[in-house]
Amino acid sequence: MIPSLLSGLNPEQRAAVTLPEQSALILAGAGSGKTRVLTTRIAWLISSGQASPQNILAVTFTNKAAKEMLTRLSAMLPPSTMLRTGINTRGMWIGTFHGLCNRMLRAHHREANLPQTFQILDSADQLSAIKRLMKAMNVDDEKYPPREVQFFISGNKEEGLRASEVEAFDPYTRRKVEIFAEYDAQCQREGVVDFAELLLRCYELLSRNQQLREHYQARFKHILVDEFQDTNKLQYQWLKLLAGVAENRKRLPLPNPLPGGEGATVSLRDDFSTSALFAVGDDDQSIYAFRGANVGNMQELLRDFHVQNVIKLEQNYRSHGNILNAANALIQHNRSRLGKNLWTAEHQGEALRVYEAPTDTEEARFIVEEVRQLNREGVRLSGMAVLYRSNAQSRVLEHALVSAGVSYRVYGGLRFFERQEIKHALAYLRLMQNTDDDNALLRIINFPTRGIGARSIEQLQESAKINSTTLWDAAARAGGKVAAFVGLVESMRSTCRELPLHPQGVGRGVPGASGSTLPLPEIMDHVLQHSGLIAHYQNETGAKQREAQERLENLNELINAATLFVHENEDDSLTAFLTHAALEAGEHQAGDSDDALHLMTVHAAKGLEFDAVFITGLEEGLFPHQNSKMTDGGLDEERRLMYVAITRARRRLYLTFAQSRMLHGQVDYSLVSSFLRELPDELLHWITPRIAARNPFTASFAPQRDAPVAAPVPRPASSSGWHAGQRVFHQKFGEGVVLDIKGGGADGQVQVNFKRAGTKWLALEYAKLEPL
DNA sequence: AAAAAACGCTTTTTT
DNA sequence: AGCGTTTTTT
């Protein structure tokens with residue numbers, strides 16, 4: 001049985017899977033069988049009797065990854081085994097950091113000082129809560145942009161800091177700290193937690209409650225972490241705490257000298273942690289530094305856990321040689337890597353195809369053509385992916401795909417549970433369940449409109465403030481239309497009867513709330529009908545009718561989602577569903593079975609693979625993104641992103657870019673991405689003429705001149721010898737592209753986007769621009 | 001109070 | 001360009 005688990009693994013993979021019960025770091029390159037190693041490790045621990053499912057805690061970054069791990073595990077631990085030894089996957093805890101923390105907080109909500117039915121704020125909810133608070137505090141939102149405050153709060157929480165712990169040396173920061181503190185107080189009053197709070201609260205729960213901490217430390221002897229390079233400081237602290245590592249060396253120096261003195265022979269693991277941490281990651285695929293991921297955790301891990309076992313998985317099973325070589329060549333431009341080079345036993349395969357389009361529309365058209373051609377040649381649509389840096393780029397692609405009749409699916413972007421109509425519907429449910437949720441109340445008190453205007457709402461807020469109660473309590477004391485609203489929610493609540501507060505056991509799934517509750521889909525249906533949401537959209541006419549129709553379909557889909565949820569989950573309570581909606585906003589997708597082309601951002605593509613991949617918009621300023629150049633190490637992160645993109649492809653890879661692109665409502669002209677230039681020439685096959693070898697004056701997009709032979713150095717003293725989109729060279733600033741021209745003649749100016757120096761206005765008279 | 005129009009702001013990536 | 005917010009109109 002065990003041999004069969006290990007068969008087919010290469011020596012390194014096998015070594016990783018069968019490591020002794022110690023902490024380890026597995027440096028797993030793209031396509032090196034990372035997930036396989038992780039799941040096989042778990043299966044091996046269990047089937048060799050070293051651990052029972054209860055001893056396993058596995059952390060992933062996406063719900064999708066968690067699900068896949070579970071699926072693979074059930075396949076690895078055959079049913080017969082499961083029956084004979086009573087093994088199933090139930091005892092394991094597998095999920096995202098947020099999911100696992102949520103689970104712990106629900107189980108110990110009392111100890112964590114939370115209502116059992118606490119709600120989770122997504123980023124948008126959080127932002128509106130902050131805006132509301134700032135208004136109440138009379139904070140100038142010009143001086144303190146709510147987005148920045150949100151970033152400040154979440155950023156600090158992800159560093160493990162509460163407002164009281166943030167160091168503020170200037171008045172500006174001090175004010176933000178005040179808002180931070182007030183915000184937390186407001187969340188506490190309203191019984192809601194944001195994403196970062198889930199983690200921080202769980203961390204604090206474990207660190208303050210010795211009994212609980214020891215319970216979980218004793219239980220989870222094996223902690224396995226996927227995508228370890230993406231963990232932030234707080235997540236790492238959480239892992240250390242759970243694994244029984246002294247969480248803060250500064251305050252809590254390491255374990256007392258061992259009995260027997262320095263040379264005592266006690267196993268290392270017992271010294272530094274109570275559990276074995278098995279971390280799998282790839283520093284080259286760290287692409288979430290922008291939201292606090294700390295690659296440095298890999299180094300810390302080696303130290304804190306005294307890791308002796310570092311195993312590199314460098315054999316790639318996914319891509320052809322040329323693709324890997326390109327990836328390797330690119331990533332070598334990054335400094336401070338742990339060092340790793342992928343290789344493959346596969347043949348070189350074909351060269352990477354490079355295409356330069358005059359416009360983004362043309363780029364899209366080309367891609368669609370190639371997709372169709374490949375499809376005719378037998379490549380399934382679902383085996384191909386079009387990747388882009390930012391979501392905004394999908395529009396043009398979608399347009400081209402629609403007109404060509406190619407079926408496609410966009411991943412990410414506007415998520416199902418983030419649509420307005422869905423959030424409205426969920427807000428009713430949230431309010432019914434937790435009347436303290438002011439966010440939810442404000443969202444729906446006048447939607448659909450029921451004659452409660454800004455004035456009345458202000459009065460409610462006043463009254464709530466004076467009596468220091470929630471808005472709901474204030475509303476309950478009001479009369480007129482507000483009273484009618486309160487009555488409406490009350491009546492919906494009593495019909496659905498989610499009232500009984502069912503106790504939740506430690507670490508156990510919660511069965512649906514006793515028989516007194518209406519089934520979830522019926523609750524949903526009832527609320528949609530009686531809240532007036534359905535009627536509201538049905539009554540929509542004119543220009544908005546189409547949109548309303550779509551919203552109605554989405555609301556209908558919400559009922560389907562609830563039905564599906566009830567079927568798939570043991571805990572089918574309303575709370576569980578609302579949690580699902582907040583934590584897995586992107587999971588719900590209809591029509592999974594169709595063969596459709598994949599459209600997604602590069603970020604979203606991590607962990608996936610395709611026969612053919614298109615990396616689009618390879619333009620300086622877009623990919624690498626302009627903003628990345630402002631931040632330290634930003635360009636390196638962009639390069640890792642490109643590395644991720646390249647390594648998604650199995651057999652064929654297209655790299656495309658456009659000279660001009662409609663972005664934010666105006667046409668942008670950019671140079672080709674520097675990443676493209678970092679790839680070795682011999683790996684590239686230019687479908688359009690290669691840039692470096694081309695004479696710009698003969699290229700299709702170059703200015704058409706009447707006398708191309710004359711004037712080798714055109715001094716544009718005369719009117720517009722320049723046009724937007726033209727490539728130029730400047731003595732000091734180097735290469736650039738003309739963006740705009742102001743005036744003609746001697747005092748004319750041109751705006752140029754320089755590759756190195758950014759965008760500048762130059763006087764034509766002095767700037768000796770040369771065409772390129 | 002609701003709808004329409006004007007304004008202006010952003011717009012990288014996401015659990 | 002699209003979206004959310006604010007102002008104006010009905």
Side-chain angles (χ1 to χ4, degrees), chain A residues 59-66 95-102 120-124 126-128 131 135 141-142 145-148 151 154 157-158 194-199 226-227 230-232 234-235 286-293 360 387-396 399 411-415 417-418 420 446-457 481 536 539-544 547 579 582-587 600-606 617 621-631 634 637-638 640-642 644-645 661-668:
Chain A
V59 196
T60 62
F61 268 82
T62 63
N63 298 293
K64 205 164 135 197
T96 63
F97 279 104
H98 295 87
L100 295 168
C101 287
N102 171 65
I120 298 167
L121 300 184
D122 65 20
S123 316
Q126 185 188 25
L127 187 62
S128 67
K131 282 180 184 165
K135 202 171 273 178
D141 59 0
E142 302 260 297
R147 289 200 163 276
E148 199 186 306
F151 184 78
S154 297
K157 284 188 182 181
E158 274 158 15
D194 59 47
F195 282 143
E197 183 71 26
L198 278 175
L199 292 163
D226 195 9
E227 309 278 17
D230 286 335
T231 52
N232 63 31
L234 178 55
Q235 289 163 339
S286 158
I287 54 175
Y288 287 109
F290 73 93
R291 66 167 198 215
D360 50 353
L387 308 183
Y388 36 82
R389 178 65 237 273
S390 66
N391 278 309
Q393 288 168 250
S394 73
R395 222 178 208 94
V396 194
H399 184 77
Y411 292 81
L414 19 54
R415 295 147 175 281
F417 284 110
E418 284 169 4
Q420 306 178 26
N446 198 34
F447 194 94
T449 49
R450 43 175 73 88
I452 304 175
R455 231 1 240 294
S456 323
I457 292 174
K481 292 165 174 171
H536 172 262
N539 291 337
E540 206 73 73
T541 50
K544 285 187 171 173
E547 181 190 280
T579 301
L583 250 31
E584 302 175 37
E587 295 303 286
M600 63 185 91
T601 64
V602 183
H603 281 89
K606 188 156 85 150
L622 187 60
F623 194 3
H625 196 275
Q626 194 61 44
N627 297 4
S628 71
K629 296 176 185 180
M630 319 295 277
T631 50
E637 175 145 319
E638 293 288 306
R640 291 193 292 271
L641 200 50
M642 181 67 182
V644 168
R661 176 178 300 277
M662 190 71 155
L663 222 53
H664 331 143
Q666 64 174 27
V667 182
D668 276 14

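Source: prediction; values computed, not measured. In what follows, every chain begins at residue 1, and chains take the letters A, B, ... in the order their sequences are listed.
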Stepwise ring pair (Phe, Tyr, Trp, His ring centres under 6.0 Å) check, A:His625 with A:Phe290: CA-CA 13 Å; A:His625 196 275; A:Phe290 73 93; over 10 Å; no
Evaluation steps, side-chain hydrogen bond (donor to acceptor under 3.5 Å, both in side chains), between A:Ser123 and A:Gln126: CA-CA 5 Å; A:Ser123 316; A:Gln126 185 188 25; 5.4 Å; no
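A sub-4.0 Å separation between OP1 or OP2 of B:dT13 and a side-chain N or O of A:Asn391 is present. In this structure, A:Arg147 does not reach the C:dG4 phosphate: none of its side-chain N or O atoms is under 4.0 Å from OP1 or OP2. Between B:dT15 and A:Asn232, no contact under 4.0 Å exists linking OP1 or OP2 to a side-chain N or O. Side-chain N/O atoms of A:Lys131 include one lying less than 4.0 angstrom from OP1 or OP2 on C:dT5. At the phosphate of B:dT13, neither OP1 nor OP2 sits under 4.0 Å from any side-chain N or O atom of A:Asn627. The side chain of A:Thr62 places no N or O atom within less than 4.0 Å of a non-bridging phosphate oxygen (OP1 or OP2) of B:dT14.
By the neighbour-count criterion of 12 heavy atoms within 6.0 Å, atom CZ of A:Arg450 is densely surrounded, having more than that number from other residues, nucleotides or ligands.
In terms of position along DNA chain B, the nucleotide closest to A:Arg450 lies nearer the 5' end than the nucleotide closest to the other residue of the pair A:Phe97 and A:Arg450. Two residues, A:Ser628 and A:Asn446, neighbour DNA chain B, and the one matched to the more 5' nucleotide by heavy-atom proximity is A:Asn446.
By the 5.5 angstrom centroid cut-off and the 30-degree plane limit, A:Tyr288 is classified as not stacked against the base of B:dT13.
In the set B:dT15, B:dT13, B:dA1, B:dA1 carries the atom at the smallest distance from any side-chain atom of A:Ser456. Among B:dT14, B:dT15, C:dG4, the nucleotide with an atom closest to any side-chain atom of A:Ala604 is B:dT14. Which of C:dG2, B:dT14, C:dA1 sits closest to the side chain of A:Met662 comes down to C:dA1. Looking at the side chain of A:Phe195, the nearest of the listed nucleotides B:dT15, B:dT13, C:dA1 is B:dT15. Of the candidate nucleotides C:dA1, B:dT15, B:dA2, B:dA2 has the atom nearest to the side chain of A:Thr449. The side chain of A:Gln420 has C:dG4 as its nearest neighbour among B:dT14, B:dA1, C:dG4.
B:dT11 is unpaired under the criterion used here, namely a Watson-Crick or G-U wobble arrangement in which both key atom distances are under 3.5 Å.
Taking every heavy atom of both residues into account, A:Lys629 and A:Gly621 meet most closely at NZ-N, 4.3 Å. Heavy-atom minimum distance, A:Tyr388 versus A:Gln393: CB-NE2, 3.5 Å.
The same atom, P, is picked in B:dT13 and in C:dG4; the two are 15 Å apart, to the nearest Å.
Atom C1' of nucleotide B:dT14 and atom NZ of A:Lys64 are separated by 14 Å, given to the nearest angstrom.
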